[in-house]
Structure formats: structure tokens, C-alpha cells
Amino acid sequence: MSDPALGLLMLVLIVVVIMLGFPTAFTLMGLGMFFGFFAYYRAGESWADNHIFDLMVQRTYGAMTNDVLISIPLFVLMGYVMERGALVDKMFYSIQLAFRRVPASLAVATLIVCTFWGIASGLVGAVVVLMGVIAFNPMLKAGYDVKLASGVITAGGTLGILIPPSVMIIVYAAVAGQSVVKLYAAAMFPGFFLAFLYLVYIIGWALLNPKIAPKLPESETRVPIRPWIADLQQAYSHKMLPALLTAAVAPSRAMALTMDGARVSYTTILKNLGFALVPLVLALATLWAAWWYVVIHPQPDAPAPAAITERVQPGDAGTAAPEEEKLEELGAAQSGSAKQSEPEVLQQMGNADLQNSPTNAPVDAGPPPEFYTYFAFTAAIIALMLFYYYWTMGAAQFEVLRLLTSSVMPLGILTAVVLAVILLGITTATESAAVGAAGAFLLAFQARTLDWKRTKEAVFLTAKTTSMVCWLFVGSALFSAVFAILGGQALLESWVLSLNLTPVQFMILSQAIIFILGWPLEWTEIIVIFVPIFLPMLKHFGIDPILWGVLVFVNLQAAFLSPPVAMSAFYLKGVAPSHVTLNQIFSGMMPYMVIVIICMVLMYIWPGLTLWLPNYLYGN
């Protein structure tokens, strides 16, 4: 059997052995060592001198010294701390009250919490199990269709591996040699767009067939209003913002009210006024941040004061020589040899014509002329919405706002900070992961839900997950190297190129293969084994690896939703009532697989959905 045939046999065996249930990482290493031994075998050479052992050491050392992988344990720790801290119960309740008048309100609230919680944790299994415990039984008791209830939990739970910060994106960046920051920026809009498509499907299905999601009884949608808030309305105004503002200025009547058997304090009045002003503060902060980043940030800094130089007298030549030599060494002056070597350096680094061309990202060029018009229009719309909101805000709306602020806002601020410091280049992905992990501990301690036992569990699970990912990288690196040495990679490339495919046809073929592989395999095996096979061909077809990678991320959503593996279904089945069958869960997931395909088609037709943000922030 020829070497390329051995390489293809490796590829077939890895799929078969993984499907038999063997651990992926050690299967990759075992097959790599076995076939690599024959690839490096030389007659008369001792088996101990075979180069496969050197390759094993080199690949292991390379994987362990990969800086990109440092952020994985920190992001995983952030997710496990939040999951063990049980911070999601109040969030689901407050979001369900906020969307109580929307069709299929429980399903909509479940999808929003899954999306939000998936962003914060990035753990598919934890999100699906947690939402299965919190939301599945309430939906079934409310008369929701089993397919609707199971589908929204399983599909919504998988969004955590797509929307940054995501471990899957870090793994792809390490495999493909791409920037984690650019991939995060590229995956941002497609992730939220896919969640929006899920939301449209749920609400549309509920509107067309109301029987699948009956309206909740009034007792379950009634907002609990604290007695002193109702008394405050009677004392000042039925509109909550004027009532709280007046109470802050003239607090005598408000402080005469009682709350839990005690007088209402002035601090309580100011605290509730702060809750009421949260939408205004968020709107102003968002507009200011956009204005600062687009208009103020690109402006050049003030020039540094010119250095004061003294004329050197002829008699001081001896003392001036070291200074001139130092300046030449630092690059302030050029010697003749430096000038002669410059063209050679330019040839090595790229085209000499590009030396003085601008390389800044569009954001550094300042705002386009139409920005001011769009900004003014957006600000006017936000002002009208805020005016309407505060004009109609009664006690029920205020209580919902208070619940949302206390349950969603801390986690939302942490997630926004982690993403912002990455995308704006303030910190690296590893540093932002450390910020996220520290913030998760602070939130859990503030909620008083994280004890020593849960902390140990979170750290243990983090170590377990991280070691799995690292061994996967070692096995993948060894397997890929042996596969290339045997000629399997070259054989597949020559076969694909011989088909004379267009870029669109290659894109469809590669994504179709990954989609099919998602049925028996998990995303980890697909990225570390099969994605490296396609990566060298992208340059030939002129396909952006960032765009192709984000399409793979969206495609791999189906890996959690496609039988027979469909890990999301098994996660949910473990906490579902006994009368819910696995086939019902599978049936509920199928429409979301179609939505994933629709999202991929739209992403390819409109690549700006993926590439606009990274191109704007970092350049093409």
C-alpha cells in the first residue's frame, strides 16, 4: 500500500474509532504514532531511533507553548464559576416578566436567557442542563408543545460556542493561525443574527398556531408590586419617574411610608431613582462611546515638543562622536551601508511601493461625512423612545426594570467589558479572559451563592476541560503531521483541484462535508482533524479564512443538533420528565438545523455581515 493510501486509511480509521467510543485525543496520538512509525521506518534502523518519537516531543512542546491556548482555561473558569454560582434563576424570571405580552413568552425568555448565558459561560452542556431544569417543566406545565420547548432549549444552548468569547473560536484560531481578536469581531454579528432568526421562527410559529404556546394565566404574568411603591404613586404621581424625582427633592411624604415594617429611608428613594434612570444612563453611555470611538479616538495625539539640540563646535567633535553613533544605532540617521541594504529589506518584507501607503483601519481615518447624519437620526429616535417609555412607565414597568437591572445588568456589564477590551485592542484575549474570570468570582461572591465546595468543583472542571483541549491539540498536531508526511494532504488537495471547482462550489462542498461530519462527530474532532485539511486550499480559491471560519462556526451549531450524536438532546433528556422521549427532542431540533443553513446562505450572499466589523476595526 502506498503512503498516500495509508494517509487516507488514517482518515477513515479515525472516524470509525471515534464513533466506537474511544477517547479522541488518545486515538489521534495512537494512530499518529502507529502510522508515523511506518512513515519514518528505515531498514536496519533500531525502532528506538525512529523519528516519530522526536516528532511526538516536538508537537507536544509546540502545543504546550502556544500562547493562544492560555486564554482557554480562564474563559472556561469564568463559565464554570457562573454556572456553579447559580446566577440565572432571577434572570429568567425577570426576562419572562418583561416579555409577558409577547407570543410564546416563556420560549422567547428561554431563548434570550440561553443566548445571554451562553455568551457569559460558553458551555453548551451547562446551559442546556441549567435551562432544562429552570424552563422546561414550566413550559410543559403551561401547555407548550414538547417540540417547541425542547427545540428552543437545545438550539439556544448551542449559541454559546458561536458568540464570543468562545472556546471554539480560540481553538480554530490556533489551528488556522488566525487572529483571535479578528475572529471574535467576525463572529459577533452572525451569532446574534442566528439568535434573531431563532426568535423570528418561535414567534412566527406561535402566531400561526397559538395552540403550541397558550397564553399564560393572569396569575403568572402579574408583576409583583411592592406596597410602598403603590403608596408612593398615590402620594406623588402615577408616573414613576416624576414620582421618584419629586420624592428625591421633597422626601417628607415618601419617608412617611413604610417598607417591611420600617420607614422608607432617603437612601432607598435614591436607589430606586437610580433603577429608574438606568435606561437613560445606558442610552447616553452608548451614544457617547460611539461618538468617542468614531470621532474623538481617531484624532492624532498632540505632537511631542521638538528636541532641543545644540550646535556642536569643531573642538567638541570627540565628545559628539558617541552621540552620533548612538543616534545612528537607534535609527535617527542612516549610514551608507544601511541605505544600500534598505531595498533588500523591502524586498523581504513586501512591495516597496507600499512602504508609504496607509495601513490604518477605516476607524483610524475618522468618521465618514454621513456619520453625523446617522448619529443625529439615531439619537433622535432613542430620545423619542425614552420619552415614550418614561411617559408610560407605571409601577409594573418600574418593578420589571428593577428586576432586570439587578439580575441582568451585572452579568451584562461583565460580558460587555470582556468583549470591549478585546475588540478595542485594550487587552489581549488572555488578559480579557483573566478579567472575565475575576469578574465572575466577584459576581458570585456578591450574590453569596459560591461556597468553597462549588469553587473547588469549578476549578476541577476547568482543569479537566483544559487538559482535554490541550491533549486534543497534541494529538491533532501529531496526526496532521503524519497525515501530511504520508502524502494524504497532497492527495486530497490534488483531487479537489482536479475538479476545477469555482469558489462557490468549493465553499458548498467544504461546508457540506463539515455539515455531514457533524452528525457522527463533535465540533472538537471536526476542527482539529478535518478543518486543517481544507485550510491550505482556501488561498487557491481566494476565500477569506476569517469568513470561512465563521461559516464553520455557524455550521457546527448543527453538530449539537444532529442525530445520532446530538449532544444537546442527550443533555436535555437527562433532566427532562420521563414522558418526554428522545425522538420528540430530535423532532424539535430539526427546524433549527434548517435555520442554520439559511443563516449560512445569507452570510455568503452578504459577506459584510461577517467581515464588516473586523475590517472596520482592524483593516482588511
- Item | From L183 atom CG to S166 atom OG, the distance as rounded to the nearest 0.5 Å | 10.0 Å

- From CA spacing to verdict: side chain to side chain contact (heavy atoms under 4.5 Å, CB included), L159, Q557: CA-CA 7 Å; L159 292 170; Q557 299 293 300; 4.1 Å; yes

- Message: Quick one, P279 and Y390 - any side-chain contact, counting heavy atoms below 4.5 Å?
- Response: yes

- Worked verdict on M131 versus V152 for side chain to side chain contact (heavy atoms under 4.5 Å, CB included): CA-CA 10 Å; M131 293 309 300; V152 68; over 6 Å; no

- Can you check whether A155's main-chain N or O pairs, donor with acceptor, with T158's side chain at less than 3.5 Å? yes

- Message: List the residues meeting side-chain contact (heavy atoms from CB on, under 4.5 Å) with M385, not counting sequence neighbours, and say none if there are none.
- Response: I381

- Query: Does the side chain of M139 come within less than 4.5 Å of T110's, by heavy atoms?
  - Reply: yes

- Query: What is the minimum heavy-atom distance between I543 and M507, and which atoms define it?
  - Reply: CG2-CE, 3.6 Å

- Task: Please test V171 against F473 for side chain to side chain contact (heavy atoms under 4.5 Å, CB included), starting from the C-alpha separation and ending with a verdict.
- Result: CA-CA 9 Å; V171 174; F473 262 91; 3.7 Å; yes

- Test side chain to side chain contact (heavy atoms under 4.5 Å, CB included) applied to V113 and Q96, step by step: CA-CA 9 Å; V113 174; Q96 185 265 325; over 6 Å; no

- Item | Closest heavy-atom pair and its distance - L97, R222 | CD2-O, 4.3 Å

- Does the Y266 side chain pair with the main chain of A248, one donor and one acceptor, at a distance under 3.5 Å? yes

- Verdict with supporting geometry, Y198 and Y592, ring-ring contact (aromatic ring centres under 6.0 Å, His included): CA-CA 7 Å; Y198 288 167; Y592 296 92; 5.1 Å; yes

- Query: Does G151 offer a backbone N or O that forms a donor-acceptor pair with the side chain of T154 under 3.5 Å?
  - Reply: yes

- Task: Taking N555 for its side chain and L551 for its backbone only, find out whether a donor-acceptor pair lies under 3.5 Å.
- Result: no

- Note on the structure: Minimal heavy-atom distance between V128 and G157, with the atoms involved, is CG2-CA, 3.9 Å

- Task: Give a yes or no on whether the backbone of G412 and the side-chain of T415 come within a donor-acceptor separation of less than 3.5 Å.
- Result: no

- Which distance, rounded to the nearest 0.5 Å, do you find between the CG of L287 and the CH2 of W292? 15.5 Å

- Under 3.5 Å donor-acceptor, S406 side chain and L403 backbone: yes

- Query: Do I269 and M255 have side-chain heavy atoms sitting under 4.5 Å apart?
  - Reply: yes

- Message: Quick check on Y374: does its OH atom have over 12 non-hydrogen neighbours (other residues, nucleotides or ligands) under 6.0 Å away?
- Response: no

- Item | Gap between atom CG of L284 and atom CG of L280 - 0.5 Å precision | 4.5 Å

- How are the rings of W548 and F534 set relative to one another: parallel (under 30°), tilted (30 to 60°) or perpendicular (over 60°)? tilted

- Query: Is S71 reaching over with its side chain to a backbone N or O of T430, donor-acceptor style, under 3.5 angstrom?
  - Reply: no

- Item | CD1-CG distance between I595 and L602, expressed to the nearest 0.5 angstrom | 11.5 Å

- Query: Which word best sums up how the rings of F553 and Y172 line up, parallel for under 30°, tilted for 30 to 60°, or perpendicular for over 60°?
  - Reply: perpendicular

- Item | K182 to P614 - nearest heavy-atom pair and separation | O-CB, 3.9 Å

- Task: For the residue pair W523 and V552, establish whether any side-chain heavy-atom pair is separated by less than 4.5 Å.
- Result: no

- Item | Shortest non-hydrogen contact from L244 toward A276 | CD1-CB, 3.9 Å

- Message: When you compare the side chain of M188 with that of L419, does any pair of heavy atoms fall below 4.5 Å?
- Response: yes

- Message: Any non-hydrogen side-chain atom of L106 less than 4.5 Å from a side-chain atom of F99?
- Response: no

- Would you check if D451 and T455 make a side-chain contact, meaning some heavy-atom pair closer than 4.5 Å? no

- Is there side-chain contact between F192 and I119, with at least one heavy-atom pair below 4.5 Å? yes

- Item | For F371, all residues meeting side-chain contact (heavy atoms from CB on, under 4.5 Å), sequence neighbours excluded | W291, V294, V295, P367, P368, F375

- Task: Compare every heavy atom of V421 with every heavy atom of S432, then report the nearest pair and how far apart it is.
- Result: CB-CG2, 3.6 Å

- Query: Does any N or O in the side chain of T392 come within less than 3.5 Å of the main-chain N or O of Y388, such that one atom is a donor and the other an acceptor?
  - Reply: yes

- For Y80 and T465, what are the C-alpha separation, side-chain angles and deciding distance, and is it a side chain to side chain donor-acceptor pair (under 3.5 Å)? CA-CA 10 Å; Y80 277 124; T465 304; 3.2 Å; yes

- Would you call R402 and E399 a salt bridge, taking side-chain N to carboxylate O under 4.0 Å as the test? yes

- Option passing side-chain contact (heavy atoms from CB on, under 4.5 Å) with C599 (candidates F193, F196, Y604): F193

- Message: Rounded at 0.5 Å granularity, tell me how far CD1 in I202 sits from CG in L111.
- Response: 4.5 Å

- Note on the structure: Output for pair (N272 CG, L401 CG), nearest 0.5 Å, gives 10.0 Å

- Query: Is the backbone N or O of A254 less than 3.5 Å from a side-chain atom of Y236, with the two atoms forming a donor-acceptor pair by type?
  - Reply: yes

